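Everything below concerns the one structure shown next.
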Amino acid sequence: MSIDFFSAYSMTIDGLPATSPTAFEAFNPATEEVIATVPDASRDQLELAVASAARAFPAWSARPVAERQALVARIGDAIEAHAEDFMRLLTLEQGKARKGAEWEIGGSIIWCREIAKQDLPVHTVEMSEARTVETRRVPLGVVGAITPWNFPVLLAIWKIAPALVAGNTMVLKPSPYTPLCTLKLGEILRDVLPPGVLNVVSGGNDLGAWLTQHPDVRKISFTGSTATGRKIMESASGNLKRITLELGGNDPAIVMPDVDVKETAEKLFWAAFQNSAQFCVAAKRLYIHEAIYDQLAEALVDYARTIKVADGSHQGTDLGPIQNKMQFDKLRNLLADAKAEGQRFLLGGEIEDRKGYFVPVTIVDNPPEDSRVVVEEAFGPVLPLLKFNDLDDVIARANRSEYGLAASIWSKDVAAARKIAERIEAGTVWVNEIHTFSPHVAFGGHKQSGIGIENAIDGLCEYTNAQTLVVTAA
Ligand code: NAD
């Protein structure tokens with residue numbers, strides 16, 4: 001079926017298109033132009049979506065898991081069939097460069113196909129003629145999924161695929177800043193999934209709050225900021241919803257003095273600035289051993305000068321704009337503060353007066369450990385370089401954060417680096433690589449970076465209850 005990805009955005013409720021009496025606008029962050037009007041779901045429409053998901057649940061959960069797996073794999077096929085449109089629309093609404101859009105849409109297809117291969121575990125404790133004791137996994141019911149604006153398609157798939165394989169139905173709400181790809185995903189899946197299995201509703205933060213409070217929703221799977229995560233935890237308590245929260249981060253990278261400076265500088269650049277640093281697991285604090293600090297800083301700046309920051313839809317663009325005005329203003333304020341505090345920029349720092357939410361790649365030279373650029377999650381291309389000379393001290397500084405999402409260690413001495421990694425308080429610690437994710441590798445935050453796991457069998461199990469069956473022969 002031919003679908004126009006660039007107009008006529010509707011929600012998907014009970015397998016049917018739904019518009020709403022009120023609407024909001026979506027913008028292209030590279031031009032600040034309005035690119036679409038989007039339905040703003042009413043509370044009644046949210047009720048309809050939840051009711052539809054609840055109605056669809058008994059039949060969906062009763063289907064053999066192999067059938068659910070096959071349909072989740074078909075979601076991947078449907079995305080692939082529309083991949084070019086998805087990539088163009090993703091760049092248009094999110095701002096990311098073509099390569100980033102390819103990574104996200106390609107990843108979404110892989111995730112559907114790989115999660116579709118995962119089976120729910122059964123733990124058999126006793127098995128004799130007289131008695132069996134086993135713990136199996138059963139679906140929860142209606143899952144509410146809420147996603148952010150940095151990777152709107154991939155992070156939605158991280159929720160849809162395991163939730164549906166496990167036998168749940170879903171009401172999905174994208175960020176109001178990036179609703180378009182998600183609405184089109186709902187539209188193309190009307191032909192793939194039975195009505196009600198995946199409902200997609202668009203709206204603002206109120207809509208998210210209604211979903212998290214809803215008594216018929218059994219679980220909330222949320223990716224977004226720690227501040228919103230706290231609110232969700234509170235409102236989910238009404239009916240003791242299960243929650244998976246993937247929240248903010250302020251990831252440290254520790255660079256030991258034995259690295260190859262030039263090669264590592266390039267890797268660290270992408271570790272920090274991928275997706276214009278609008279990345280939960282971007283390296284956000286770069287701790288560099290003092291023996292190579294100056295050399296590495298220079299190599300990083302040299303490499304950064306080769307990077308083109310422009311409209312993501314233009315050929316040759318490496319990094320696009322900041323996705324929205326709210327985040328752009330936050331970064332402007334952060335830079336103004338850093339300047340007022342007298343911090344030294346090795347690169348960037350000045351926001352040009354032009355159309356589009358463009359922030360230049362900014363590298364800050366060894367700011368105080370308690371300055372805002374170090375303590376806060378910038379969620380934009382402002383990177384502090386920090387000097388260290390003592391291992392225990394740098395590990396303590398790396399851990400001195402309310403966050404604990406991920407980290408990376410860079411050294412030729414792999415055994416020593418691994419020992420450092422083991423002392424870092426974070427859900428993922430990479431050594432000499434970064435940002436390698438897999439549908440089969442558990443991902444989740446420590447401390448205030450989240451609760452629970454996405455991906456892997458652990459992630460699949462988050463969409464289930466454990467049920468122990470104890471059966472004795474009569
Ligand atoms: P956000 O918390 O502002 O919004 C995320 C989503 O929550 C949006 O859909 C929003 O409409 C909704 N929302 C807002 N208030 C709500 C409420 N009271 N109840 C229910 N829903 C509500 O986050 P954002 O600015 O879109 O995303 C950026 C943040 O996400 C960063 O902190 C980043 O680190 C984090 N993030 C984390 C991961 C991860 O896997 N840990 C991945 C990507 C982004």
Side-chain angles (χ1 to χ4, degrees), residues 24 26 29 38 40-41 46 93-94 96 104 107 144-159 171-179 181-183 200-214 217 220-238 241 243-251 274-284 322-331 376-380 401-407 426-428 435 437 441-455 459 462:
F24 62 97
V38 182
D40 191 3
L46 193 259
E93 71 168 332
Q94 204 286 332
K96 63 185 65 192
E104 179 164 353
I146 301 176
T147 49
W149 45 261
N150 54 349
F151 294 94
V153 182
L154 185 61
L155 295 177
I157 292 296
W158 279 25
K159 302 181 186 316
V171 177
L172 167 65
K173 188 201 92 65
S175 166
Y177 293 117
T178 51
C181 282
T182 313
L183 290 170
V200 181
V201 290
S202 48
N205 298 348
D206 284 352
L207 179 63
W210 299 335
L211 186 59
T212 58
Q213 289 157 9
H214 202 292
V217 173
I220 295 291
S221 180
F222 170 76
T223 303
S225 64
T226 296
T228 307
R230 285 192 200 103
K231 288 186 200 157
I232 286 178
M233 198 168 173
E234 209 176 314
S235 60
S237 70
K241 288 182 182 62
I243 47 173
T244 300
L245 303 177
E246 294 289 357
L247 308 177
N250 194 4
D251 296 1
Q274 191 63 260
N275 209 42
S276 297
Q278 302 164 110
F279 198 1
C280 54
V281 289
K284 292 173 183 147
I322 296 305
Q323 199 281 324
N324 57 70
K325 183 157 186 330
M326 177 273 300
Q327 190 63 27
F328 178 69
D329 287 342
K330 263 195 193 172
L331 287 161
E376 289 182 18
E377 178 190 36
F379 220 61
S401 169
E402 64 181 10
Y403 296 114
L405 192 56
T428 301
H435 302 160
F437 297 96
V441 175
F443 175 75
H446 291 190
K447 301 196 276 188
Q448 295 193 47
S449 286
I451 291 181
I453 294 290
E454 288 198 295
N455 302 328
E462 296 236 344

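We count ligands from 1, going down the list as the structure has it; atoms in each ligand are counted the same way. Just so it is clear, the model here is predicted, and its values are computed rather than measured.
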- Task: Applying side-chain hydrogen bond (donor to acceptor under 3.5 Å, both in side chains), name anything that partners Glu377, two or more places apart in sequence or on another chain.
- Result: Lys284

- Query: Can you tell me if Ser276 uses its side chain to pair, donor with acceptor, with the backbone of Gln278 under 3.5 Å?
  - Reply: no

- Under 4.0 Å from any heavy atom of Leu155, which atoms of ligand 1 are there? 42 (C), 43 (C)

- Item | Identity and separation of the nearest protein heavy atom to atom 10 (C) of ligand 1 | Asn205 OD1, 3.4 Å

- Message: Using a 3.5 Å distance criterion without hydrogens, assess whether the side chain of Glu93 forms a donor-acceptor pair with backbone atoms of Tyr177.
- Response: no

- What are the two closest non-hydrogen atoms of Ile322 and Pro29, and how far apart are they? O-CB, 3.3 Å

- Query: Which heavy atom of the protein is the closest neighbour of atom 19 (N) of ligand 1, given with residue, atom name and distance?
  - Reply: Ala209 N, 3.5 Å

- Message: Tell me the contacting part of Phe379 for ligand 1: side chain, backbone, both, or neither, using a 4.0 Å heavy-atom threshold, strictly below.
- Response: side chain

- Query: If you count the atoms of ligand 1 from 1 in the order shown, which ones are under 4.0 Å from a heavy atom of Glu377?
  - Reply: 31 (C), 32 (O), 33 (C), 34 (O)

- Task: Locate the shortest heavy-atom distance separating Val281 from Asp251; write the atom from each residue and the value.
- Result: CA-OD2, 3.2 Å

- Among all protein heavy atoms, pick the one closest to atom 44 (C) of ligand 1 and tell me residue, atom and distance. Asn150 ND2, 3.3 Å

- Who gets closest to atom 40 (O) of ligand 1 by heavy atom: Glu246, Met326, Gln278? Glu246

- Note on the structure: Between Gly203 and Pro176, the two heavy atoms sitting closest are O-CB, 3.5 Å

- Task: Can you pull out the closest protein heavy atom to atom 12 (C) of ligand 1? Residue, atom name and distance to 0.1 Å, please.
- Result: Ile146 CG2, 3.6 Å

- Which of the numbered atoms in ligand 1 are below 4.0 angstrom from a heavy atom of Pro176? 11 (O)

- Output yes when the distance from some N or O of ligand 1 to some N or O of Ser225 is under 3.5 Å, and no in every other case. yes

- Min N/O separation Thr226 to ligand 1 under 3.5 Å: no

- Message: Quick one: does any side-chain atom of Lys241 pair with a main-chain N or O of Thr212 as donor and acceptor, under 3.5 Å?
- Response: yes

- Query: Are any of the N/O atoms in Thr212 less than 3.5 Å from those in ligand 1?
  - Reply: no

- Message: Please confirm whether the ring centroid of Phe279 lies under 6.0 Å from the ring centroid of Phe379.
- Response: no

- Shortest protein contact, atom 41 (N) of ligand 1 (heavy atom only): Leu247 O, 2.7 Å

- For Phe222, the atoms of ligand 1 under 4.0 Å from one of its heavy atoms are 2 (O), 5 (C), 6 (C), 7 (O)

- For Pro174, the ligand 1 atoms whose distance to one of its heavy atoms is below 4.0 Å: 9 (O)

- How far apart are the closest heavy atoms of Glu454 and Ser221, and which atoms are they? OE2-OG, 3.9 Å

- Task: Examine ligand 1 and decide if any of its atoms is less than 4.0 Å from a heavy atom belonging to Phe443.
- Result: yes

- Task: Record the part of Ala227 in heavy-atom contact with ligand 1 below 4.0 Å; permitted values are side chain, backbone, both and neither.
- Result: neither

- Any atoms of ligand 1 less than 4.0 Å from a non-hydrogen atom of Lys231? List them with their elements. 18 (N)

- Message: For atom 16 (C) of ligand 1, what's the nearest protein heavy-atom neighbour? Residue, atom name and distance, please.
- Response: Thr228 CG2, 3.3 Å

- Task: Identify, for atom 24 (P) of ligand 1, the protein heavy atom at the shortest distance, and state residue, atom and that distance.
- Result: Trp149 NE1, 3.3 Å

- Which atoms of ligand 1 are found less than 4.0 Å from any heavy atom of Leu405? 41 (N)

- Item | Any donor-acceptor pair under 3.5 Å from Glu246 side chain to Leu155 backbone | no

- Task: Can you sort out which atoms of ligand 1 are near Ser175, meaning under 4.0 Å from one of its heavy atoms?
- Result: 8 (C), 9 (O)

- With no hydrogens and no angle check, is any side-chain donor or acceptor of Thr226 less than 3.5 Å from a backbone partner on Gly248? yes

- Query: Are there protein heavy-atom neighbours of atom 27 (O) of ligand 1 below 4.0 Å?
  - Reply: yes

- Task: Tell me yes or no: between the side chains of Glu462 and Thr244, is some donor less than 3.5 Å from an acceptor?
- Result: yes

- Donor-acceptor under 3.5 Å (Asn275 side chain, Asn150 main chain): yes

- With distance as the sole test, does Ser175 use its side chain to make a donor-acceptor pair with the main-chain N or O of Pro148 at under 3.5 Å? no

- To which protein heavy atom is atom 8 (C) of ligand 1 closest, and what is the distance rounded to 0.1 Å? Thr147 O, 3.4 Å

